[in-house]
Each structure stands twice: as structure tokens, then as C-alpha cells.
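Okay, structure first, notes after.
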Amino acid sequence: MSGIIPPVFARGVFLTLVEADRYTARGSSNWRNCRRPAYRKECDPLEFEPLDQFQQRRKKLSEIEALGHSAYPRKFAWTHTARQIGEQFETRTAEQLTADPVNVRVAGRIIALRPHGKAAFAHVTGDGVRLQLYIKLDVVGEQAYQLFRLLDLGDIIGISGHLFRTKTNELTVWVEKLELLSKALLPLPEKWHGLADVEQRFRRRYLDLIVNERSREIFIRRAQIIREIRHFFDSRSYLEVETPMMHPILGGATARPFVTHHNTFDMDLYLRIAPELYLKRLVVGGLDRVYEINRNFRNEGIDAIHQPEFTMLEFYQAYSDYSELMDLTEDFFRVLAEKICGSTKVKFGDDEIDFGHFERLTMREAICKFWPEAAAPAPNASELAAPGGPRTLAERYNVFARAHGLVPFANVTKLSDGELTGELFEQVAEAHLVQPTFIYDFPTAISPLSKQKPDDPSLTERFELFIAGMELANGFSELNDPFDQEGRFRAQVEKGDPESPKEVDTDYIRALSHGLPPTAGEGVGIDRLVMLLTDSHAIREVVLFPLLRTEGGEPAEPPAETSGEAK
RNA sequence: AGGGGCGUAGCUCAGUGGUAGAGCAGCGGCCUUUUAAGCCGAAGGUCGUGGGUUCGAUCCCCACCGCCCCUACCA
């Protein structure tokens with residue numbers, strides 16, 4: 001999105017540039033192509049801070065062209081990456097490298113320069129690995145050495161040469177030929193401390209990735225995790241599918257949506273808050289096992305474990321119920337931990353998460369188990385199950401909360417027993433669930449899409465998996481009775497909350513009326529899973545470009561259609 | 001949304017009610033096995049933005065912008 005220099009114009013500058021102001025000539029219709037941040041009032045010539053260094057490097061670029069080198073050549077035929085050189089030749093001794101020379105062509109970004117007059121050392125990175133180069137005037141020749149002198153930290157170069165070992169025994173390329181592959185007009189962050197400012201790390205993620213190895217590793221590992229997820233489900237005969245991200249009717253979760261608009265249909269659409277209802281339509285359609293790795297959008301708060309757009313895995317399997325899914329989920333997490341981290345025991349902050357052992361507690365058991373001592377007496381499960389029991393306990397909890405400066409429940413009288421049970425669980429138990437724990441048998445009142453338990457209609461066959469105090473997964477035996485489903489949808493609409501659906505998704509009810517097999521389905525928060533497996537404690541560390549407010553203070557203007565013709 | 005913290009050179013950070021400092025990067029010079037290379041020299045700043053108090057504000061006060069933390073919201 002940064003400025004694009006029209007080639008003709010750029011060429012003219014490179015050939016004629018002596019003073020910087022030649023370059024800043026404006027008014028050319030070519031500038032119509034110049035995309036700039038919306039908060040900038042006019043289309044300035046391509047220039048960025050630090051201006052002195054930007055201009056300095058631009059000057060060098062024109063000098064490089066004057067030497068006859070292409071500024072931005074098309075390609076470079078490499079034989080090895082920096083990583084491959086390390087992997088393949090690290091064991092070769094200096095004698096072996098002399099006796100049996102290894103020739104390489106390798107490309108990378110310059111990250112360190114140590115010139116010594118007529119020779120120099122440099123480090124480049126390629127594929128995340130550092131590689132040292134040694135460049136000597138009397139080896140590469142006057143012309144190439146002149147080019148080398150015009151290079152800066154951040155430039156991308158390609159070299160050819162052979163491997164040798166220096167006095168300090170570092171595997172190094174003895175450079176014979178050198179070419180510039182891309183000039184960096186802006187400097188890299190400081191070489192010892194890198195880019196530490198969190199805001200800048202997210203806004204300029206490209207710099208973060210160059211400079212902070214941990215950041216790079218997180219996203220490589222994230223990709224491995226996604227790959228293993230696909231492997232896990234593909235090998236179990238699941239079909240990967242893609243369902244719409246723009247929904248005419250809200251559904252599949254309780255959340256506040258983003259709204260967008262389709263012009264031709266003149267139709268408002270919601271960005272999906274969950275793919276659930278579409279995936280179950282597919283099971284109706286005979287795709288008995290489906291999964292989708294999907295982006296969801298929820299217009300809600302942002303904190304260490306919430307982003308407005310986040311990635312979920314959802315999968316559905318016909319002829320199963322939630323207890324089978326809990327077993328599958330244990331396998332899933334254990335396999336991922338082993339494959340990604342090499343062990344079922346994974347360090348997460350001060351904790352060691354053991355993916356080899358999962359606890360299972362009903363929601364009512366969890367409330368009883370973690371009931372605060374100061375709010376004694378602890379309830380028992382039958383107290384929670386009794387009509388009005390959760391309300392009595394919520395009131396008891398509120399007495400305790402007010403006495404201890406905690407936030408009491410606001411709407412004890414308005415909420416149902418089921419809703420209060422959910423609230424109690426969240427307040428009392430959730431934060432304690434560090435080791436993998438399934439909480440199961442959720443109240444029906446907070447589970448509009450799950451099937452009730454045969455022996456207790458106040459509860460559903462639903463579970464959530466908690467690890468490190470975070471909700472990681474949510475699964476249930478899918479409600480497939482269309483009459484029951486319609487009734488629960490209507491109840492949601494009648495509630496009229498901002499998070500509730502505004503209308504009943506009758507097509508989904510119609511789909512159920514064609515017959516959904518007994519099906520179990522589950523969603524897994526991929527961002528949170530990546531957090532766990534990379535020891536990251538903020539979701540934005542595992543999302544490449546987390547949402548930040550627009551830089552520059554002024555709200556971004558929509559791009560004007562006529563801006564190109566305005567002059 | 002409420003409370004707290006932060007914003008100083010491109011980067012990482014010091015600092016003070018009296019016109020601002022270091023290291024790295026950059027610039028000029030020296031240097032043919034260094035690796036935080038070294039040595040010499042010069043430069044670089046509307047101290048987030050806008051108001052106010054003051055003889056004088058980067059510092060004190062207010063508002064705004066952005067980021068972080070806590071709380072709230074959040075299946």
C-alpha cells in the first residue's frame with residue numbers, strides 16, 4: 001500500500017537525479033497511481049521518515065544505477081538458502097572446504113556490515129538464518145566493490161562464491177560475485193535491541209519479523225499447527241469446506257456483529273459470528289464429516305484473549321455425541337502438543353500444561369469444587385439442581401463479593417436458573433482451570449443449539465474445554481429436533497438483546513426438517529491454541545496484524561472515486 | 001466504558017521549570033579475518049498534538065490522539 005513509483009517516472013529520476021528536488025516534482029498524472037494512507041490530505045511524493053536516511057539511500061540507489069547495475073532486477077538463481085548452507089555444511093572443516101570447494105549462490109538481507117577498508121565482513125539472513133560473507137576488493141574487483149560500498153543494512157543481495165572458515169572458524173562465504181536484488185530505502189531497527197515498542201511491532205509487523213526471531217518463530221509454528229490440524233481431520237475422513245462469511249441472518253452464536261452492505265442486491269449482511277448453521281446444513285446434505293478453519297468477526301471488546309476477527313476450527317461428525325467428541329478432543333490436543341512441541345507437557349508462563357491428562361467435571365461440580373471458602377458453605381450439586389437453587393447461591397455469592405470488593409452479579413432477579421448457573425461457573429471456577437479440563441452438562445438456557453440430556457431437560461449434552469483459564473473449545477450433541485430448535489430460536493428473538501438474532505433462521509429449520517443425523521460438533525479457538533503452544537500470553541502476539549486504531553488521529557476517509565481526476 | 005501508566009533523534013533509552021543527552025543506525029575520513037569490529041570528525045529533535053499557568057514549559061495543569069495494564073463488556 002505504500003507509494004508505487006510509476007516506472008517511467010522513476011527511470012527518469014534514476015538516470016538524471018542529482019539533487020533531491022528533481023525527484024519531488026509533482027503534478028504528473030502518473031501520481032494518480034500513488035496510493036497513500038487515507039489520513040494524508042494530498043498525494044505527497046514517496047517519502048518516509050527518517051527523511052535524511054531515505055534521501056541518502058535514494059542517492060546511493062541512483063549511483064548504483066549509474067554504475068550499470070539494475071536497481072530492482074527480476075530474479076536471482078540461488079543454489080542454497082542460508083539455512084541449507086548451515087544444515088549441509090556446518091560439519092565441514094576448513095581443510096575439507098579447501099580440498100573440496102563448495103560453490104554456492106545465496107540471497108539474503110544484509111543485517112550486519114563490518115567494513116575494513118579494502119575488505120569487509122557482512123551477515124545476511126535468509127530463511128531466518130544468519131550467514132556470514134567475506135568480501136575482498138582484490139577478489140570481487142573494483143566495480144563490484146564499489147557496488148558493495150553503496151550497500152546499506154537492510155538491502156537484499158545475491159552473492160556467489162565458495163565456503164571457507166575464518167580465523168574464528170565461522171562458516172563463511174568467500175564472495176566472488178555480488179549483485180543488488182532490492183534496495184532498502186529505509187533503515188532497519190536498532191541491531192541490539194531490535195524493535196521493542198509493542199505498538200510499532202504490530203503496525204510494522206514486517207520489521208518485527210525481520211528483527212525479532214521469536215515473532216518469526218511464532219508464525220512459523222502457527223502455520224505448522226494449521227497444517228497438523230488439517231492432517232488430523234483429513235486422516236479421519238473429514239472434508240474441509242468453506243462456508244459464507246457474509247450472512248443475511250445472524251446465528252450460531254450469541255455475539256454482536258459487524259454489518260456490511262451489498263450494493264447490487266441493496267442488502268445488509270452480517271460478517272459471520274460463527275459458521276455453525278451452514279456446516280450443519282452440510283451434514284443434512286450428506287457430508288457426514290466436515291470441518292472448516294474459519295475467520296469469525298465479533299464486534300466486542302479487545303483484550304489479551306479477544307480480537308474482533310479470530311480464527312476458529314469447527315468440525316461436525318454425524319452419528320456421534322458429545323462424549324465421543326471429548327475423547328476425540330483429548331486425542332487432538334495431545335497429538336498437536338506432541339507434534340508441535342515434542343511433548344505432551346508444554347510450558348506456558350509459570351505453568352506446565354499437561355496435554356496427556358484431561359479432567360472432566362460437570363458445570364455444577366465445578367461450581368461446588370471451586371466455591372470460595374470465604375463464601376462458605378460450599379453448595380452441593382443437588383442444591384444447584386433444585387429450582388431456585390442457583391438464585392439462592394448467586395445471592396450468597398453477591399454477599400461475599402460485596403464484602404471482598406468483587407463485582408456482584410447485576411441481574412440476579414432477571415436471570416433464569418440456567419443463566420445464573422453459567423454466571424456462577426464463570427465467576428467461581430473458570431480462572432482455576434489451568435490444566436486441561438472439560439466442563440460438561442451446560443444449562444439448556446445458555447445452550448440454544450445443543451441437545452438436552454435425556455434424563456434432565458434443564459441440561460444439555462454440551463462441554464467446553466478450559467486450559468490456562470481460557471476457553472479453548474466448545475462442543476455438543478447437536479440439537480436436531482426442528483420443533484425444539486424453532487422454539488429455542490423464537491425464545492432468543494423474543495429476548496431482544498443486542499447479541500440475540502433478530503429473526504428466526506427458517507431455512508435452517510427447514511434443513512433440520514429434512515433430517516439432521518444425530519451429530520456432534522465442536523469449535524476450537526485457533527488463536528488461543530497457538531498461544532498455548534507458543535507460550536504467548538496475548539492473542540495479538542499470534543495474529544499477524546491485530547486491529548489497531550488508525551495512525552494519525554484523524555478518521556480515515558473513504559477513498560474518493562474522483563480523486564484521480566481532481567486535478 | 002471507568003481507573004492507572006506511558007509517549008524525548010530512524011531504533012533502544014537517559015534527563016531537567018532556564019533553549020536537550022548517550023549508544024546503535026546514518027554522513028565524511030582511516031582501516032584486507034571481523035562478528036555489539038575499531039579509531040578520528042561532523043550532523044541529526046515543534047521532547048505525541050492543542051490550549052493554559054509562568055518572565056520562561058519537554059517538565060506543572062487541562063483537553064485530545066495513540067499504545068500498554070487492571071476492571072467492565074465478551075458462550
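In the text below, chain A, chain B and the rest are named by the order of the sequence lines, each starting its count at 1.
- The nucleotide B:rU33 finds no pairing partner, because no Watson-Crick or G-U wobble arrangement with both distances shorter than 3.5 Å includes it.
- Rounded to a whole angstrom, the distance from the P atom of B:rG48 to that of B:rC31 is 43 Å.
- Judged by distance alone, with hydrogens and angles left aside, A:D197 brings no side-chain donor or acceptor close enough to the base of B:rU12 to form a pair under 3.5 Å.
- A:R203 meets the salt bridge (charged side-chain N to carboxylate O under 4.0 Å, His left out) test with A:E199; sequence neighbours excluded.
- For the pair A:E541 (side chain) and A:M531 (backbone), a donor-acceptor distance under 3.5 Å is absent.
- Comparing the same atom, P, in B:rA25 and in B:rC39 gives a spacing of 12 Å after rounding to whole Å.
- Judged by distance alone, with hydrogens and angles left aside, the side-chain atoms of A:T444 form a donor-acceptor pair with the main-chain N or O of A:P457 at under 3.5 Å.
- Here A:D441 pairs with A:K453 in a salt bridge; the nearest charged N to carboxylate O distance falls below 4.0 Å.
- At the heavy-atom level, A:A112 lies nowhere under 4.0 Å from the strands shown.
- Not a single donor-acceptor pair under 3.5 Å links the side chain of A:R540 to the backbone N or O of A:P546.
- Taking the six-membered ring for Trp and thresholds of 30 and 60 degrees, A:H432 and A:F370 have nearly parallel ring planes, at less than 30 degrees apart.
- Using atom C1' as the reference point in both B:rA57 and B:rU16, the two lie 11 Å apart (nearest Å).
- Among A:V140, A:L113, A:L133, the single residue meeting the side-chain contact (heavy atoms from CB on, under 4.5 Å) criterion with A:F148 is A:L113.
- The main-chain N or O of A:L544 is found under 3.5 Å from a side-chain atom of A:R205 such that the two form a donor-acceptor pair.
- On the C1' atoms, B:rC27 is 43 Å away from B:rG4, given to the nearest whole Å.
- The gap from the P atom of B:rA22 to that of B:rA9 amounts to 14 Å, rounded to the nearest Å.
- Across all strands shown, B:rC24 forms a Watson-Crick or G-U wobble pair, both distances under 3.5 Å, with B:rG10.
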>> Base contacts versus sugar-phosphate-only contacts with protein, heavy atoms under 4.0 Å: please encode nucleotides 68-75 of chain B as B, S and - from 5' to 3'.
In response: SS--SBBB
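- Mapping A:A196 and A:T172 onto RNA chain B via the closest heavy atom, the residue that lands nearer the 5' end is A:A196.
- Closest to the side chain of A:R203, out of B:rG66, B:rU34, B:rG26, is B:rG66.
- Rounded to whole Å, atom C1' of B:rG10 lies 11 Å from atom CG of A:L188.
- What separates NE2 of A:H116 from C1' of B:rC30 is a distance of 13 Å, to the nearest Å.
- With both ends at atom P, the span from B:rA20 to B:rC24 equals 23 Å, rounded to whole Å.
- The aromatic rings of A:F315 and A:F332 lie tilted to each other, with the angle between the two planes from 30° to 60°.
- Rounded to whole Å, atom P of B:rU33 lies 11 Å from atom CZ of A:F164.
- Taking 4.0 angstrom as the limit, A:R114 places none of its side-chain polar atoms (N or O) nearer than this to OP1 or OP2 of B:rU34.
- In this structure B:rA1 sits in a base pair with B:rU71, meeting the Watson-Crick or G-U test at under 3.5 Å.
- Taking atom C1' on both nucleotides, B:rC47 is separated from B:rC59 by 9 Å, rounded to a whole Å.
- Per the geometry, CG belonging to A:D52 stands 13 Å off P belonging to B:rA9, to the nearest Å.
- Distances were taken from every side-chain heavy atom of A:Y134 (C-beta onward) to each of B:rU32, B:rG26, B:rU34; the shortest belongs to B:rU32.
- Rounded to whole Å, the distance from CZ on A:F121 to P on B:rU32 is 13 Å.
- Going from atom CD of A:Q53 over to atom C1' of B:rG26 covers 4 Å, rounded to whole Å.
- Using a 4.0 Å heavy-atom cutoff across all strands shown, A:Q132 reaches at least one base atom of the nucleic acid.
- B:rC40 sits 33 Å from B:rU46 when the C1' atoms are compared, rounded to a whole Å.
- In this structure, the CZ atom of A:R165 is 16 Å from the P atom of B:rU34, given to the nearest Å.
- Between A:F333 and A:F358, the two ring planes are perpendicular [angle over 60°; tilted spans 30° to 60°].
- Across all strands, A:G194 comes closer than 4.0 Å only to sugar-phosphate atoms, never to a base (heavy-atom distances).
- Across the protein-nucleic acid pair, A:D152 atom CG and B:rC11 atom P stand 17 Å apart, rounded to whole Å.
- Looking at the side chain of A:E49, the nearest of the listed nucleotides B:rU32, B:rC67, B:rG10 is B:rG10.
- The nucleotide B:rG44 finds no pairing partner, because no Watson-Crick or G-U wobble arrangement with both distances shorter than 3.5 Å includes it.
- Note on A:K191: a side-chain N or O is less than 4.0 Å away from OP1 or OP2 of B:rA25.
- Residue A:K60 places its side chain closer to B:rC27 than to any other of B:rG26, B:rU33, B:rC27.
- Scanning atom types as modelled, no donor and acceptor separated by under 3.5 angstrom connect the side chain of A:E170 and the base of B:rU33.
- As the counterpart of B:rU53, no nucleotide is assigned, since no Watson-Crick or G-U wobble pattern has both distances under 3.5 Å.
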